[in-house]
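Down below is the structure, laid out as structure tokens.
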Number of protein chains: 2
Amino acid sequence: MGGPRFEPVRAVRAYERVVEQVEEAVESGALSPGERLPSERELMVQFSVSRSTVREALRVLQARGLVRSRPGDPHGAEVLPFTPAALHKSMTTLARVEELSLAELVQFRMVLDSAAILLAARLRTEEQLAEMGRAVEAMRGAVEAGEDAFGAADVAFHDAVVRAGGNKLIEICTDVVRSIVLKLIAERIAEAPDREALMRRSIHHHEEVIAAMRAGDGPLAARLSRKAMYDYYAGYVEECERGALRALLE
Amino acid sequence: MGGPRFEPVRAVRAYERVVEQVEEAVESGALSPGERLPSERELMVQFSVSRSTVREALRVLQARGLVRSRPGDPHGAEVLPFTPAALHKSMTTLARVEELSLAELVQFRMVLDSAAILLAARLRTEEQLAEMGRAVEAMRGAVEAGEDAFGAADVAFHDAVVRAGGNKLIEICTDVVRSIVLKLIAERIAEAPDREALMRRSIHHHEEVIAAMRAGDGPLAARLSRKAMYDYYAGYVEECERGALRALLE
DNA sequence: GGCAATTTGTTCGTATGTATG
DNA sequence: ACATACATACGAACAAATTGC
């Protein structure tokens, strides 16, 4: 006994080492968005691997949203600014293969949104509050204009809220989950009965949320927002799953 | 005017079409975890592309956690069960390049955890409650045993809670963010002063949470859990950022 | 345990269409 | 318009690894 404790070594592919090095350079800031990677031929020299290996590595980096390469580009692959695209992709996959129900997704939104509102009620500036107000105004104007305009204004409101909340992780996850939910009910949302009444009630709810935030009552604002989201989406959720959503309404 | 409205066509690479088809097969259930893909040479015939193209596609699918291929395996690439590995990877990247602060991550955990507890307080079975109790017992026994055992028991507790909450998205995100947080403070957690006092207080908090859940008081249990997490992690968070965490304590 | 067949990992060469200057 | 350098894609080849006999 005693002696050195050796660890099992997993065979690591050549392309993985290339990925690791580029990834490290990007995440450490040595390579910034907008900058370019050397050309594939240059990379195969620097890493002393073949062209195919370089290309496989670039495919993986591209799948992770770190770089983008275009045919014929003399500048080489471009380092991209962070986008939640990869996060979006893996959550979408999760939603499909794990069969996440719409109820679970909406519930997740209710949780994140009310948390953001709770935070925003404390941290918001007057300007941010005004921005939320303008978004609700836009929603009012968009009732006639159609789904897309209304939806865009609604997104603007919630974006303003989560930004005011100051948590980037909440911001990004909210964005990702919202788009997944919208995609799931996109075809049903237009043909919902009482569409206009739903919109007007939603606007009313949003105004109540703003009022509560202005008064500094975060818990109330959060409770109101959960109620608003429940009212808006409950119609699309299976009856038997609404109970779980109502559990968040107190 | 009039005439057909043509849509812009983005040049789609050959490997992407391969990825799309395999991805569709996996997500639709036509290909189940444990099943095998044809060999690379067989795939190049079926898709009528070169082997390099097949391999680039396989690398992307592997990066997304859908398949795994090993050298020499005569059965071809294996279709994997879903793991949050890809989600974990993209969140870790997010944490690094977007410079998520520890405070934001902990805040996110406080939000998800208290939501799960709120749900679990309503939906938990007696058996699940008992499982949480056993986890706390294990924590008590692990105070002497060391960090790892205590941490494992703590994980078991929170796992039992989120499972009882019944939202798989919350479950997975909790798991991902927890491991990121732990990695960030791994080296500091062992050398924290008053380590044992921290553990004992944490155990006490967990017992209070269970009691509140048993009494059916979800909001109280959630509030207690936020407080518990704040107490446990506040020491690792920059002074100036603790305010944002306290905003969740009411 | 050893051996043969097959597969993946990797390299190299070549042809083609494309973007830049 | 042209030349250059690039990414895309194909095909052949060899080494290393795995499976099944």
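Note that these values count all heavy atoms, side chains included, but never hydrogens, waters or copies made by symmetry. As the structure is a prediction and not an experimental result, all values here were calculated from the model. By convention in this document, chain letters (A, B, ...) are assigned in the order of the sequence lines, proteins followed by strands, and residues within each chain are numbered from 1.
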Check the surroundings of atom CZ in A:Arg51: do more than 12 heavy atoms from other residues, nucleotides or ligands lie under 6.0 Å from it? yes

Expressed as a whole number of angstroms, how long is the span from B:Glu16:CD to D:dT8:C1'? 12 Å

Answer for the Watson-Crick or wobble partner of D:dA1, both distances under 3.5 Å, is none

Nearest whole angstrom, please: distance from the P of D:dA7 to the CD of A:Glu78. 13 Å

Heavy-atom closest pair, residues A:Gly165 and A:Leu123: O-CD1, 3.4 Å

When the distance from OH of B:Tyr15 to C1' of D:dT8 is rounded to whole Å, what number comes out? 11 Å

Rounded to whole angstroms, how far apart are CZ on B:Arg36 and P on C:dT6? 18 Å

Between the protein and nucleotides 10-14 of chain D, are there any N/O to N/O pairs under 3.5 Å, and if so, what are the atom names and distances?
residue, atom, partner, partner atom, Å
D:dC10, OP2, B:Ser50, N, 2.9
D:dC10, OP2, B:Ser50, OG, 3.0
D:dC10, OP2, B:Thr53, OG1, 2.6
D:dA13, N6, B:Arg51, NH2, 3.4

Rounded to the Å, how far apart are A:Phe47 CZ and C:dT10 C1'? 16 Å

For atom CD of B:Glu56 and atom C1' of C:dG9, their distance in whole Å: 14 Å

Quick one: closest heavy-atom pair of A:Thr92 and A:His88, and the distance? OG1-O, 2.7 Å

Compare every heavy atom of A:Glu98 with every heavy atom of B:Phe82, then report the nearest pair and how far apart it is. CD2-CG, 3.7 Å

Could you check whether atom CD of A:Glu187 has more than 12 heavy atoms from other residues, nucleotides or ligands sitting under 6.0 Å from it? yes

Heavy-atom pair with the smallest gap, counting every atom of A:Val49 and A:Ala14: CG1-CB, 4.4 Å

Let me see the working for A:Glu137 and A:Arg140 under salt bridge (charged side-chain N to carboxylate O under 4.0 Å, His left out), right down to the final yes or no. CA-CA 5 Å; A:Glu137 276 309 306; A:Arg140 196 190 311 279; 3.6 Å; yes

Test log, rule side chain to side chain donor-acceptor pair (under 3.5 Å), inputs A:Ser69 and A:Arg36: CA-CA 10 Å; A:Ser69 56; A:Arg36 301 306 185 109; over 6 Å; no

Take the protein atom CZ of A:Arg13 and the nucleotide atom P of C:dT11, then report the distance between them rounded to whole Å. 13 Å

Contact list (N/O, under 3.5 angstrom) for nucleotides 19-21 of chain C vs protein:
residue, atom, partner, partner atom, Å
C:dG21, OP1, A:His75, NE2, 3.4

DNA chain C-proximal residues of residues 57-67 of chain B, any heavy atom under 4.0 Å: B:Arg59

B:Glu40 near the nucleic acid: base, sugar-phosphate alone, or nothing, with a heavy-atom cut-off under 4.0 Å? sugar-phosphate

Surrounding CD of B:Glu127 (heavy atoms of other residues, nucleotides or ligands, distance under 6.0 Å), is the total greater than 12? yes

Closest non-hydrogen atoms of B:Val177 and B:Phe108, given as atom of the first, atom of the second and distance, are CG2-CD2, 3.6 Å

B:His158 and B:Thr174: CA distance, side-chain angles, deciding distance, side chain to side chain donor-acceptor pair (under 3.5 Å) verdict: CA-CA 9 Å; B:His158 287 95; B:Thr174 296; over 6 Å; no

